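Working notes, structure below.
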Number of protein chains: 2
Amino acid sequence: MTTFPQTPSFTGFNTPSRVEADVNDLNVEGAVPREIDGAFYRVQPEHQFPPKLGDDIAFNGDGLISMFRIKDGKIAFKQRWAKTDKWKLENEAGKALFGAYRNPLTDDPSVKGQIRGTANTNAYIHGGRLYALKEDSPALVMDPVSLETDGYTNFDGKMKGETFTAHPKTDPATGNMCGFGYASKGVLTNDMTYYEVSPAGDLLFDIWFETPYYCMMHDFAITEDYAVFSVAPITSSWERLEKGLPHFGFDTKQPTYMAVVPRKAGTTAEDIRWFKGENCFTAHVINAYQEGSKVFLDLPVAENNFFPFFPDIDGAPFNPDQAKTYITRWSVDMSQNSEDYQTQRLSDMIFEFPKVDDRFTGQKYRYSWGVVIDPEKPVELKGGSAGGFVMNTLGMYDHETGKEQKYWVGPVSSIQEPCFIPRSKDAVEGDGWIVMVCNRLEDHSSDLLLFDALNIENGPIASANIPVRLRFGLHGNWASAADLTVLEQAA
Amino acid sequence: MTTFPQTPSFTGFNTPSRVEADVNDLNVEGAVPREIDGAFYRVQPEHQFPPKLGDDIAFNGDGLISMFRIKDGKIAFKQRWAKTDKWKLENEAGKALFGAYRNPLTDDPSVKGQIRGTANTNAYIHGGRLYALKEDSPALVMDPVSLETDGYTNFDGKMKGETFTAHPKTDPATGNMCGFGYASKGVLTNDMTYYEVSPAGDLLFDIWFETPYYCMMHDFAITEDYAVFSVAPITSSWERLEKGLPHFGFDTKQPTYMAVVPRKAGTTAEDIRWFKGENCFTAHVINAYQEGSKVFLDLPVAENNFFPFFPDIDGAPFNPDQAKTYITRWSVDMSQNSEDYQTQRLSDMIFEFPKVDDRFTGQKYRYSWGVVIDPEKPVELKGGSAGGFVMNTLGMYDHETGKEQKYWVGPVSSIQEPCFIPRSKDAVEGDGWIVMVCNRLEDHSSDLLLFDALNIENGPIASANIPVRLRFGLHGNWASAADLTVLEQAA
């Protein structure tokens with residue numbers, strides 16, 4: 001029998017959902033602009049079965065992919081499991097076989113050596129393919145129309161590393177999907193890889209190098225010439241896994257690094273520059289770009305650990321105040337010999353899940369959107385805590401003027417990563433819409449919200465009620481019908 | 001764009017859902033008995049599109065069929081549209097084309113002459129086929145495993161009438177599905193038909209006759225030798241339809257009838273006996289049986305109109321107190337010449353949506369289960385009214401001892417028709433379980449509840465959380481895996 005534990009991870013608004021669903025035509029309040037033609041993909045971690053070890057963290061759930069197809073002023077909803085090797089093995093067994101997050105020592109012996117990926121972190125479109133991504137595993141390929149799973153890809157054998165990031169970036173200049181792997185030679189290894197994949201799906205070249213220490217390399221940025229990494233000490237060790245501790249722990253004793261990797265075939269580890277900085281927390285990036293010899297990397301940065309479930313390795317208690325992430329600019333000058341990066345806080349909004357107008361990835365850009373935690377806005381949940389924090393506000397930052405915009409979704413709602421939809425291929429930066437899932441925590445219902453991207457503070461221009469309760473979600477992406485011709489062919 | 005009206009029929013816990021869904025394995029509290037192997041089917045009316053006329057009643061929604069497959073202590077959930085001709089035409093158009101309930105005068109001219117059925121009243125299994133049923137139209141055939149729609153059937157041309165009841169009965173002695181039609185020669189006609197269909201799907205014979213007046217012939221009963229009908233004056237006329245009034249209205253000036261129709265080929269209208277009674281309201285039946293020359297028909301009966309949305313034809317206001325339905329026995333003696341039926345109230349529970357152990361259909365039986373409205377139990381809904389009443393209690397009546405059992409599901413929940421699952425093919429009457437959908441009105445979530453059928457007052461032995469919010473539902477049925485070998489073949 002299938003009974004989930006009565007723990008905060010699986011009760012209240014974290015109650016398991018696990019539903020594959022289709023709604024032809026969501027009920028909409030407001031008006032969906034008829035110019036919008038494409039699909040918004042997002043993923044939520046969702047345990048297929050009760051956790052093997054009695055309880056678990058959301059980050060270890062199986063990937064459940066949602067697609068919102070927007071066309072002719074209507075929105076269709078489709079949701080399907082990302083059927084990873086893990087999902088299939090467990091589905092066959094009728095129960096969980098894999099144990100703790102990133103700890104193969106806790107697995108059932110029957111699945112030793114199997115790919116542990118959950119494909120629960122990002123739903124990414126490139127070259128007409130849908131990739132369901134988890135950074136500890138290869139990319140899982142899915143059909144972008146039916147959401148049926150094809151399986152893991154190693155790009156025709158050309159990807160030699162074991163992992164592919166959940167945060168690839170598509171270079172608008174070349175159309176290449178830029179990605180990387182870490183723990184590329186196996187769990188806890190310091191080995192990293194950088195890859196570029198053409199729109200046709202060819203892996204064009206790889207670069208191998210090592211990190212100064214093993215850590216969560218969750219995201220990165222590109223510029224015209226470089227791949228840019230932030231290295232922060234969310235670390236691990238075999239000792240931790242053997243003790244059954246959470247895979248990651250935060251090490252306040254280590255420095256951080258900004259790594260600048262030339263984006264070209266033939267680059268070796270010697271060509272990479274590692275700029276050092278003070279201990280701090282980073283995970284996601286906003287964007288990066290070059291100006292002359294300078295390289296700028298914008299990212300949310302916190303003074304200390306952001307993840308309560310990946311605790312301080314020396315036992316310091318979690319400090320919510322120090323966990324607040326602010327938009328910060330790291331910069332280096334490649335013409336200089338400095339071994340340090342410079343840092344500057346740009347805004348006082350508590351800001352995470354950043355997104356830009358993707359057409360400006362790797363280029364000088366103006367707007368960032370993200371999830372803001374506004375401590376002045378109340379959270380009123382009858383059923384107790386919201387599991388740490390409620391992301392209750394959509395935020396926008398204008399890098400040109402420094403102006404901020406915010407929109408609060410109310411005391412019993414939580415939003416997820418926003419995504420930008422350009423008005424047209426050639427529209428100016430920011431001219432378009434923001435699409436975003438908003439969970440109504442007490443109703444166990446969810447809405448898809450659409451905003452005028454440059455006027456988010458006016459509130460949504462359209463709200464579509466999703467009759468399936470969505471859960472805490474991670475990342476998503478927009479694909480225009482023109483980018484994804486299969487959408488048109490299926491229409 | 002698709003925007004539903006902000007009316008009570010489409011807001012609050014009546015918010016449109018319209019979702020096709022699959023959950024492999026529902027999250028269960030308690031224990032699902034491992035002996036249970038089969039599927040529970042039920043249907044809810046659910047408008048595919050906002051109503052053509054601005055607002056509508058639930059009875060005019062499109063059929064959305066749910067299947068709960070129970071096996072090995074697990075419960076899988078699947079929900080699909082019953083794709084009627086109406087559903088397909090409207091889906092193609094992207095909007096409603098058909099107007100008011102049972103009023104073709106309100107339709108778009110483009111659909112004139114099309115079958116108006118919504119298949120929203122019952123999901124019935126017979127001979128390995130799933131029938132989605134609405135009494136104004138032929139039976140819609142669906143696949144009982146995939147829930148894909150095959151389409152309407154006229155039983156190889158043998159069904160000459162235009163309609164097939166939503167409440168067929170399967171005779172446990174012969175295995176035949178006994179059914180009928182009314183308005184058999186078209187909208188508002190007095191013509192009725194009686195049919196029997198063999199387990200192989202052959203329509204064996206038909207009987208044609210007329211009702212004393214046109215009215216809603218919603219349900220009926222069988223005994224070994226007879227089909228038994230209650231005729232109550234839920235009437236209509238072309239004048240009503242031309243005026244745009246609700247199809248049905250209640251006429252307190254007309255008598256009621258109990259009709260006894262011999263169940264055999266060659267029966268003519270002259271062979272039918274019509275026993276008269278006082279004006280009252282009836283719709284569903286519980287069961288009927290013969291003892292010697294006597295025929296007993298048990299059914300919920302109210303003093304006056306039960307449907308507020310089908311108002312008194314003479315303008316009398318709806319009277320909730322007189323709308324209460326009580327288990328009542330009508331009886332006649334076929335050896336006597338009396339023109340009247342006898343009536344006796346058996347219980348003081350307000351009781352509707354009756355069900356019996358189907359193995360005793362048409363036979364002397366002991367137990368009835370149904371939905372009880374317990375006026376002593378509070379309803380506490382923050383969002384205003386529950387649209388008239390909330391069905392908050394599961395009830396059981398023991399016809400042998402007169403004992404009653406009740407189980408209240410709480411102040412913010414509403415239940416739907418219970419269904420009996422026998423422990424085994426040969427178990428004694430009532431030895432088994434009750435399965436029932438329970439909507440949690442404020443959470444916008446639903447549970448499937450399982451009870452020990454003879455101890456419902458102890459509360460559910462298992463509760464499965466359905467992550468999709470179900471809506472007000474109508475009727476459903478159980479099919480054991482043995483009865484439905486396709487279930488086994490698909491496993």
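Chain A is the first sequence line, chain B the second, and so forth, proteins listed ahead of strands; every chain is numbered from 1. Predicted model only: the values in this text are computed from it and were never measured.
Of all heavy-atom pairs between A:Val19 and B:Pro467, the closest is CB-CG, 4.0 Å.
Neither the backbone nor the side chain of A:Ile466 comes within less than 4.5 Å of any heavy atom of chain B. The part of B:Phe49 that comes within reach of chain A is its side chain, from C-beta onward, which places non-hydrogen atoms under 4.5 angstrom from that chain. With a threshold of 4.5 angstrom between heavy atoms, A:Phe77 does not approach chain B through any atom at all. Heavy atoms of A:Gln48 lying under 4.5 Å from chain B belong exclusively to its side chain.
Side-chain contact between A:Asn91 and B:Asn24 is present, with at least one heavy-atom pair separated by less than 4.5 Å. In this structure, B:Val468 and A:Arg469 have side chains that are not in contact, with every pair of non-hydrogen atoms separated by 4.5 Å or more. B:Thr15 has its side chain within reach of A:Asn465: a pair of non-hydrogen atoms, C-beta onward, lies under 4.5 Å apart.
A:Lys74 NZ: more than 12 foreign heavy atoms inside a 6.0 Å radius. Residue-environment remark: NZ (B:Lys52) exceeds the threshold of 12 foreign heavy atoms within 6.0 Å.
Ranked by heavy-atom pairs under 4.5 Å with chain B, the list A:Val32, A:Thr3, A:Asp72, A:Ile75 is led by A:Thr3.
Inspection of the A:Thr2 and B:Asp25 side chains reveals an N or O donor paired with an N or O acceptor under 3.5 Å.
Distance check, rounded to the nearest 0.5 Å: CD of A:Glu20 to CD of B:Gln79 gives 14.0 Å.
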